[in-house]
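Some notes on the structure that comes next.
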2 protein chains.
Amino acid sequence: MARPTNTQFAVAVHLLTYLAGRTDGTPVSSDELSGSTNANPVHVRRVLGPLREAGLVRSRPGVHGGWELAVDAGDITLAQVWRLLQGADPVFGLHGPDPECAVGRSVQQTLTALERRVADAVATELERFTVRDTLNGAVAAPAQSADV
Amino acid sequence: MARPTNTQFAVAVHLLTYLAGRTDGTPVSSDELSGSTNANPVHVRRVLGPLREAGLVRSRPGVHGGWELAVDAGDITLAQVWRLLQGADPVFGLHGPDPECAVGRSVQQTLTALERRVADAVATELERFTVRDTLNGAVAAPAQSADV
DNA sequence: GAATTCGCAATCATCATGACTACGGATTGG
DNA sequence: CCAATCCGTAGTCATGATGATTGCGAATTC
């Protein structure tokens with residue numbers, strides 16, 4: 001199926017959780033972080049970049065530099081992370097119908113409206129959890145899955 | 001845009017709406033459908049295949065063959081279509097963390113649980129609409145978007 | 001001044017998606 | 001029976017998104 005192509009959200013949650021688990025106040029280098037996420041340092045920096053701009057994390061260059069949380073883990077909702085990294089991505093892809101077809105135009109409007117509804121639903125669900133929850137393993141699977 | 005690649009759900013909604021709009025009982029060929037969706041006939045058949053297996057549409061070969069709805073448009077929820085085509089796709093991609101890292105394993109479990117929750121949320125939202133709604137343009141944007 | 005680490009640009013490999021072609025099978029109509 | 005139409009499916013190809021990797025510069029610490 002549509003394989004997990006964009007993993008930035010997953011990596012970000014991992015990184016934030018890792019940082020939240022660091023009790024000593026020392027920053028963590030991209031190198032160390034890349035080891036845990038099995039990614040490379042450049043990618044780590046690219047993922048953390050938007051989070052830094054949003055004020056969630058700090059970075060410092062230099063010998064004992066690295067990354068650390070800028071706010072409490074309990075104050076970072078997963079919805080925030082989602083919006084920063086993948087919130088602009090459509091949940092389902094749109095297609096380009098024949099512009100001359102009346103049905104096509106109507107369907108396109110419908111799909112756009114749907115997209116926003118679904119994106120809202122995703123954000124609402126992610127709003128319920130924070131990085132602290134992920135650190136504590138407090139994110140449980142739903143009682144019953146609607147799958148199939 | 002992470003998800004922009006897989007447009008099968010969008011195409012399927014388009015195709016079903018097109019079929020629902022056909023008042024005369026004659027089947028529609030893949031060729032005609034491909035014109036409206038701006039795709040090619042083979043792709044149309046590939047998208048409609050799972051819907052046929054689920055009993056939502058029928059197809060007939062031969063001279064006056066083609067596709068038609070097998071059930072009432074009001075009985076086809078968008079969630080059904082979603083599950084058949086993209087329901088198995090993760091909403092956000094998972095990454096492959098270092099299996100030796102305790103944080104990594106924990107985060108992975110959390111993300112898997114999250115994935116199911118979010119997938120449920122999407123399905124629940126799509127459950128609210130049917131192909132008839134898309135035909136009537138009855139899918140409105142939400143009152144306020146949670147974007148940004 | 002040397003070592004460390006972030007910041008960023010540029011290139012490359014991989015993979016999902018969909019377009020396209022080709023051929024076979026089923027059905028209709030003469 | 002034969003031709004035309006249309007689905008069914010396999011196979012190949014182009015495109016685009018994603019992430020790996022390298023290289024170089026700037027900032028900071030010691």
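If you're wondering where the values come from, they're calculated on a predicted model, not measured in any experiment. Every chain is numbered from 1, with letters handed out A, B, ... down the list of sequences. All values below come from the heavy atoms of this structure, side chains included, with hydrogens, waters and symmetry mates left out.
Between A/Ser30 and the phosphate of C/dT5, there is no side-chain N or O to OP1/OP2 separation shorter than 4.0 Å. Contact annotation: B/Thr7 does not reach the phosphate of C/dT17 (side-chain N/O to OP1 or OP2, under 4.0 Å). Note on A/Ser29: every side-chain N or O is 4.0 Å or more away from OP1 and OP2 of C/dT4. Not one side-chain nitrogen or oxygen of B/His64 sits closer than 4.0 Å to the OP1 or OP2 atom of D/dT5.
Using a 4.0 Å heavy-atom distance criterion, B/Arg60 is classed as a sugar-phosphate-only contact. Note on A/Gly49: nothing from the nucleic acid sits closer than 4.0 angstrom, heavy atoms only.
Between A/Arg52 and A/Val63, the residue anchored nearer the 5' end of DNA chain C, judged by the nucleotide with its closest heavy atom, is A/Val63. Checking B/Pro41 against A/Pro41, the closest nucleotide of DNA chain D that is more toward the 5' end is the one next to B/Pro41.
When rounded to the nearest whole Å, the span between NE2 of B/His95 and P of D/dA20 equals 11 Å. Look at CD on B/Glu32: it is 15 Å from C1' on D/dC7, rounded to the nearest Å. Going from atom CD of B/Gln8 over to atom P of C/dA16 covers 13 Å, rounded to whole Å. One interatomic measurement links the two molecules: CG of A/Leu85 to C1' of D/dA17, which rounds to 16 Å at whole-angstrom precision. Between the CG atom of A/Asn40 and the P atom of C/dC6 there is a distance of 12 Å, rounded to whole Å. The interatomic distance linking B/His43 (NE2) with D/dA10 (P) rounds to 16 Å, in whole Å. Look at CG on B/Asn6: it is 16 Å from C1' on D/dT18, rounded to the nearest Å. In this structure, A/Arg46 places its CZ atom 9 Å from P of C/dA9, rounding to the nearest Å.
Not a single donor-acceptor pair, N or O on each side, falls under 3.5 Å between the base of D/dT21 and the side chain of A/Arg45.
Ion pair A/Arg83/A/Glu127 flagged as a salt bridge, since at least one NZ, NE, NH1 or NH2 atom sits closer than 4.0 Å to an Asp/Glu carboxylate oxygen. Between B/Asp72 and B/Arg132, at least one side-chain nitrogen of the basic residue sits less than 4.0 Å from a carboxylate oxygen of the acidic one, meeting the salt-bridge criterion.
Within the 4.5 Å cutoff, the side chain of B/Leu15 has heavy atoms near those of the B/Val47 side chain.
Candidate nucleotides C/dC20, D/dT28, D/dC7 were compared by shortest atom distance to the side chain of B/Val42, and C/dC20 ranks first.
Within a 6.0 Å radius of CD in A/Gln108, other residues, nucleotides and ligands contribute more than 12 heavy atoms.
Side-chain heavy atoms closer than 4.5 Å link hydrophobic residues (I, L, V, M, F, W, Y) into clusters, and following such links, possibly through other members, connects A/Leu56 to A/Trp82.
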